[in-house]
Protein chains: 2
Amino acid sequence: MSGRSLLICLPLALALLTPVESPAQADLASLVDPMVGTKNMGHTFPGATVPFGMVQLSPDTRQLRMYDEEGRYVREAYRYCSGYQYEDSTITGFSHTHFSGTGHSDLGDISLMPVMGEVNLEGPFTSSFQHANEAAEPGYYTVHLDDPNIDVELTATTRVGRHRYTFNEDGPAHVVLDLRANIYDYDGKNVWTFVRVENDTLITGYRQTTGWARTRTVYFALAFDRPFSSYGHRRFDETPYAGFYRRFDQENDFPEMAGRELRARFTFNVEAGQQLQAKVALSGVSTAGALKNLMAEAPGWDFDLTRLAARSQWNEELGRIKVDMRTEEQLSTFYTALYHTMLGPTVYEDVDGQYRGLDQNVHTSDGFTNYTVFSLWDTYRALHPLFNLIQRPRNNDMILSMLAHFDQSVHPMLPIWSHHANENWCMIGYHAVSVIADAAATGNLGFDLGRALEACVATSQVPYFDGVGELMELGYVPDEASRSSVSVTLELAYDDWCISQVAGWLGREERQAEYLERSRSFEHLFDPSIGFMRPKNRAGQWRPDFDTMATHGQGFIEGNAWNYSLYVPHDVPRLVELMGGPEAFGRHLDELFTMELGDEHIADTEDITRDGIIGNYVHGNEPGHHIAYLYNWSDRPWQTQKRVRMIMDTMYGTGVDGLCGNDDAGQMSAWYVLSALGFYPVCPGSGEYAIGSPLVERADVQLENGTVFQVRVEGQSEAAVYVQEVRVDGVKIERPVLDFQVMAGGNEVVFVMGLEPRR
Amino acid sequence: MSGRSLLICLPLALALLTPVESPAQADLASLVDPMVGTKNMGHTFPGATVPFGMVQLSPDTRQLRMYDEEGRYVREAYRYCSGYQYEDSTITGFSHTHFSGTGHSDLGDISLMPVMGEVNLEGPFTSSFQHANEAAEPGYYTVHLDDPNIDVELTATTRVGRHRYTFNEDGPAHVVLDLRANIYDYDGKNVWTFVRVENDTLITGYRQTTGWARTRTVYFALAFDRPFSSYGHRRFDETPYAGFYRRFDQENDFPEMAGRELRARFTFNVEAGQQLQAKVALSGVSTAGALKNLMAEAPGWDFDLTRLAARSQWNEELGRIKVDMRTEEQLSTFYTALYHTMLGPTVYEDVDGQYRGLDQNVHTSDGFTNYTVFSLWDTYRALHPLFNLIQRPRNNDMILSMLAHFDQSVHPMLPIWSHHANENWCMIGYHAVSVIADAAATGNLGFDLGRALEACVATSQVPYFDGVGELMELGYVPDEASRSSVSVTLELAYDDWCISQVAGWLGREERQAEYLERSRSFEHLFDPSIGFMRPKNRAGQWRPDFDTMATHGQGFIEGNAWNYSLYVPHDVPRLVELMGGPEAFGRHLDELFTMELGDEHIADTEDITRDGIIGNYVHGNEPGHHIAYLYNWSDRPWQTQKRVRMIMDTMYGTGVDGLCGNDDAGQMSAWYVLSALGFYPVCPGSGEYAIGSPLVERADVQLENGTVFQVRVEGQSEAAVYVQEVRVDGVKIERPVLDFQVMAGGNEVVFVMGLEPRR
């Protein structure tokens with residue numbers, strides 16, 4: 001073994017920073033670089049958060065309009081999904097909510113910005129900064145602002161963001177509370193804001209926005225560690241008022257503010273070297289809830305203690321997988337990926353269990369923690385399966401949150417893409433059923449599976465949803481019914497298979513058969529004359545002038561026919577059969593990975609840099625995430641091993657451009673984590689994981705109750721990508737598949753690697 | 001006695017309508033005409049409500065914009081404070097919240113309009129109607145709509161409005177839920193709307209508006225008595241969206257709607273003669289709260305039973321004062337006035353006691369019912385004193401509601417003019433302290449008076465509020481500090497006297513003396529050189545070019561120097577002294593009532609028809625309400641008797657134009673009710689009532705616990721306006737004053753009337 005031991009290589013000093021249960025535990029957080037993916041299209045943010053935290057406090061580098069004055073979409077906005085773009089040289093504020101890696105955006109709530117000198121609330125409030133003066137680590141972020149000459153430090157608890165500003169010059173200083181600041185901002189995005197200055201150190205309020213989440217309110221409580229000397233606000237909307245508001249000065253030192261577009265300032269006199277702290281607690285329920293969260297999670301003013309606690313939480317979560325790898329870069333890539341899998345879904349309830357539901361009423365979570373930000377089209381693939389290994393209680397709570405969503409849904413439906421008490425209907429399919437099926441297959445059943453089956457069935461029978469009515473009638477979604485008729489049909493076929501599995505676990509045979517039948521809908525859309533999935537109209541005719549290379553306008557979404565035709569995760573043998581058998585199937589895959597993509601098609605693929613493409617395979621687009629593993633069903637399974645290692649080596653790395661495309665709420669990173677361990681869930685809900693090619697030298701995966709699933713790799717090297725044999729507890733396995741029982745049993749899996757394929 | 005007995009004159013049939021406790025009780029509701037004041041500037045509404053009901057369901061006759069496209073105030077809007085203007089010939093909808101008689105507006109929430117045939121949600125939805133086909137009575141309203149040929153009936157419980165539509169033709173019918181409809185509408189008034197179609201008979205949602213109440217949300221639950229066959233909505237705002245909302249049809253039969261500007265339709269197929277019922281429950285808390293209210297107050301579909309119950313409630317409340325009067329017109333005027341005193345403040349909590357507080361958090365009323373709509377500048381004068389006679393528990397709850405408001409206030413302050421969890425800051429003074437003082441003086445103390453004193457003191461010491469800081473410093477509000485510096489100084493002088501009284505009741509002598517001193521601030525502004533109150537600047541100089549006749553721009557509000565100089569209710573003897581003694585004071589009053597007002601000054605007085613003016617006395621403006629009673633302190637007290645009777649005879653009457661100006665949330669009507677009984681609280685908080693000239697022949701005023709205070713009038717006639725003597729339980733009183741103890745003791749007061757003044 002040429003790899004170096006993680007436990008040995010870590011400096012002792014770092015370990016001392018962390019008050020962990022076992023003094024022997026490593027400071028894995030030091031291997032994480034939150035800056036990874038902040039450049040180009042990774043859409044990650046560098047700021048401070050604890051695992052799955054409600055508060056994700058991070059710098060925003062530009063306030064771009066999502067729509068111009070004529071209401072046209074501004075394409076440049078896309079680069080700012082997380083609020084931060086590495087190439088920028090200015091910071092506009094530090095706001096408390098962010099998505100990590102998503103392909104669309106929202107949030108950026110409750111932005112604070114420290115400024116000095118005269119303040120004009122007209123803004124903007126930007127400061128230049130240098131990346132050399134910036135540092136990010138799990139739970140902590142710091143940057144030096146050049147223009148006001150202020151050092152900013154951020155840390156967080158689950159529901160509270162903490163700011164510490166060090167002023168390097170004397171003078172009047174102001175903290176600007178910019179309630180106009182939005183990620184994906186546009187006229188009309190702010191719906192309402194409401195602010196109360198409770199006393200000379202405490203402010204409460206809320207901001208209500210529309211957009212991706214159509215009806216969304218973030219409540220806050222903001223506390224300073226010393227009294228401000230004055231305060232004021234400006235309202236930028238021109239809604240007429242009754243006029244009574246103008247009888248006395250309500251812009252300065254007047255403790256009630258409200259309007260669509262508000263900015264407030266809180267003014268302090270500071271001397272060089274002085275520090276000022278601020279704490280911002282959030283709530284989805286009320287300002288009373290935010291205050292409760294503030295008192296419960298951050299009652300005092302010890303910033304450093306919160307920072308240490310955040311790091312400790314990260315070390316605990318990161319420690320669920322302990323790996324040895326060959327290089328420090330690989331270790332950093334691995335633990336950064338693992339970090340990125342724990343930035344969502346996020347907690348969405350107050351410390352007392354109250355949360356705002358989809359019906360906009362306040363509910364109380366009974367026996368679970370409520371989560372939000374379900375980017376399910378992405379995350380059902382590998383993120384939730386990963387959680388079923390290392391975050392089983394949380395995954396269970398996420399399912400309970402989805403079932404609560406269902407109960408509050410008027411359709412009723414399980415979440416599609418939901419965040420902050422809203423369904424944003426983004427992307428296709430109803431993949432919550434996959435998350436439920438995978439929990440069932442892995443025995444992670446802290447919820448009522450019968451109730452879950454009812455929710456799955458109801459969700460799959462809402463006729464007005466995206467072609468489902470016609471799917472039920474025709475057996476496929478016709479071309480006329482959806483711009484993405486093939487993608488929808490294929491994904492629903494898989495989802496319906498998941499429902500049949502859930503019914504199967506419950507012994508509901510009729511239901512199982514019904515949905516097994518529905519899961520065959522993919523067959524309707526395979527055109528044997530061209531060997532691809534293809535849109536079909538209501539009359540049963542194939543779409544003419546069909547372009548198998550184009551991503552747009554061909555009946556697919558985020559993928560072309562070459563990639564999407566391979567999407568039958570629940571019945572790969574039948575797909576192989578349709579495609580002409582294992583050899584033809586293998587050739588098809590080879591061609592996919594090696595064909596030349598013309599510039600017009602590269603431009604066509606969304607959010608992917610050229611680095612994210614291998615031939616016509618686009619790793620940044622989720623529909624392909626299982627494709628490299630499909631070789632296992634071909635006549636050349638070793639190609640899986642080669643391609644998977646190639647993808648890990650070329651599309652993930654350290655540095656700000658370490659992601660080849662959107663991290664997609666952790667799905668891209670989850671792909672890496674699992675692939676690096678040597679397996680991947682091609683078909684979540686099956687309890688099976690396709691064997692790939694491990695990148696680690698060894699891994700201890702901590703499941704529940706002390707169970708540790710062990711991966712041991714023999715003969716690992718950069719070139720030794722080919723698996724010669726796999727032994728489970730010493731017994732060689734015949735199929736390239738690991739069963740969940742192997743992991744649950746805490747077994748040892750040994751991969752023996754070699755330089756050549758074992759044919 | 002020439003009057004006819006009320007009990008004899010009422011038809012038996014009407015009495016049978018009402019399931020009252022005692023079969024002998026009269027159907028006093030039949031004497032009430034809700035149409036009174038709906039023409040010109042009465043600003044009353046004719047719709048259906050129970051006493052102090054949260055739901056006040058009434059037709060709106062025009063949707064006028066309060067501001068034009070350039071943001072300029074549209075003066076015509078003022079006529080539509082209550083949503084209904086008698087001179088109109090169209091109805092635009094039936095909405096569930098209205099102010100009665102206010103001088104500014106808001107509300108008009110959750111408007112329903114039945115239409116037939118093809119429906120285009122572009123609107124407008126107006127129907128012509130004839131007053132001949134319209135009828136209003138307490139708790140019930142009906143109108144025939146001409147255009148869609150539909151009969152509409154409305155009734156209400158405290159929190160639920162009920163609609164019954166009778167369709168006179170076959171065809172498709174629609175109920176339009178117009179969430180764009182507003183009283184005092186303008187671009188931007190709607191902040192957000194949210195609607196869920198829960199099933200095929202139930203809809204929930206909310207509407208959030210800004211305006212007079214800056215941050216206001218009304219939640220609703222709407223139920224139909226049979227399923228609609230289809231539904232849909234249109235959104236009229238152009239806020240851009242992410243686009244995901246457009247992937248499938250969300251305008252038709254899609255159960256989630258949201259946006260700034262929404263209209264929805266619910267479609268039924270009807271046959272001629274068929275009826276359709278709708279119920280709308282409101283809540284200030286949540287849609288869950290609205291549903292609770294719906295289930296608790298209107299679980300079934302018996303419209304007529306609700307109508308009977310509403311009438312029964314009215315009869316119970318109206319029955320608190322039983323009067324004999326000389327004419328049916330007088331009886332109708334009296335009971336209509338009494339009706340108008342019970343349309344506000346309104347209940348503002350759900351059946352479970354939850355309500356939204358000023359801090360926008362949800363609170364639970366503990367041991368009281370929460371009320372809102374406190375038009376205190378108007379109502380402290382006579383409405384709350386009337387409540388301290390006949391609505392003591394409610395008045396107590398209103399004070400507890402004000403104290404809750406105080407607890408939720410960030411200033412902190414008691415309400416100035418508050419409604420629906422908002423302070424709208426309308427008008428001047430902090431007259432909640434008067435309501436508290438009057439409760440103390442009348443022993444209506446179901447609240448902690450010590451806590452109330454703290455609230456009064458805190459309220460009176462908020463320096464940024466309307467000149468209070470300078471008042472505390474200079475002893476008066478200087479001309480520079482306020483457009484209404486004299487009015488503010490005078491009213492705060494009275495308010496501060498109220499606080500001293502409250503301190504006095506508590507034995508807090510220091511506080512009492514402090515506020516007694518503050519209450520003398522009026523002396524700073526009396527200019528002996530002209531004999532009027534006059535604005536004074538910070539340097540202590542009188543304002544030059546002072547016009548004692550002008551209402552605007554002279555340091556007053558809703559009154560000129562002639563009227564406002566008489567505003568020292570708590571120390572009339574000192575005012576008389578300043579004005580030169582009883583004879584000069586009497587001459588001043590005579591001149592006020594008899595002087596010729598030039599056209600320019602008539603045009604100057606707001607919201608008053610020429611009928612509302614006697615000389616320079618303007619009855620429609622509250623600052624004069626005590627003036628007729630001030631003769632009691634002059635050398636000619638009989639002039640009080642003459643003027644009071646003149647005002648009652650000429651400024652109140654039956655018919656749609658029966659009010660001479662805004663009813664001002666019941667204050668105008670309360671003036672009438674008390675004056676008709678023969679007395680008026682010139683100085684609320686004193687426990688004293690100035691003797692006027694009763695209009696009744698006899699009255700039994702039911703206080704609490706069966707106590708009945710009796711008014712008996714001897715020699716009453718149209719001409720016999722002069723009081724010859726007043727006996728309390730047979731003992732002649734010497735001063736023209738009745739003490740509250742006389743009423744509380746259930747004594748008999750006998751007025752002996754004559755044709756000539758008793759000098």
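Numbers restart at 1 for each chain; the letters A, B, ... are given by sequence-line order, proteins then strands. Note that this is a predicted model, so its numbers are computed, not measured.
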>> As an exercise: rank A:E198, A:E256, A:R483, A:K189 by heavy-atom pairs under 4.5 Å with chain B and give me the winner.
In response: A:E256

> At a heavy-atom separation under 4.5 Å, does A:V197 approach chain B through its side chain, its backbone, both, or neither?
Replying inline: backbone

> Where on A:S482 is there a heavy atom nearer than 4.5 Å to chain B: the side chain, the backbone, both, or neither?
Replying inline: neither

>> Show, in sequence, the C-alpha distance, side-chain angles and deciding distance for A:Y206 and B:T215, and conclude whether the side-chain contact (heavy atoms from CB on, under 4.5 Å) test is met.
In response: CA-CA 11 Å; A:Y206 67 78; B:T215 303; 3.1 Å; yes

> With a 4.5 angstrom heavy-atom cut-off, which part of A:D253 approaches chain B: side chain, backbone, both or neither?
Replying inline: backbone

>> For A:F254 and B:W425, take the angle between the two ring planes, folded into 0 to 90°, and tell me which bin it lands in: parallel under 30, tilted 30 to 60, perpendicular over 60.
In response: perpendicular

>> Please identify, among B:P255, B:S286, B:S484, B:S105, the residue contributing the most non-hydrogen atom pairs under 4.5 Å to chain A.
In response: B:P255

> Of the listed residues (B:N361, B:D106, B:T204, B:N199), which shares the most heavy-atom pairs with chain A below a 4.5 Å separation?
Replying inline: B:N361

> Who passes ring pair (Phe, Tyr, Trp, His ring centres under 6.0 Å) against A:F374, sequence neighbours left out?
Replying inline: none

> What part of A:D466 is in contact with chain B, defined as an atom under 4.5 angstrom from a non-hydrogen atom: side chain, backbone, both or neither?
Replying inline: both

> Between A:F248 and B:Y464, is a ring-ring contact (aromatic ring centres under 6.0 Å, His included) present by the stated rule, with each step listed?
Replying inline: CA-CA 7 Å; A:F248 44 94; B:Y464 46 73; 7.3 Å; no

> How far apart are the closest heavy atoms of A:S409 and B:R196, and which atoms are they?
Replying inline: C-NH2, 4.2 Å

> Where do A:Q360 and B:T287 land on the side-chain contact (heavy atoms from CB on, under 4.5 Å) test, with the steps shown first?
Replying inline: CA-CA 8 Å; A:Q360 300 299 312; B:T287 59; over 6 Å; no

> Do you know the tightest heavy-atom contact between B:W192 and A:T210?
Replying inline: CH2-OG1, 3.2 Å

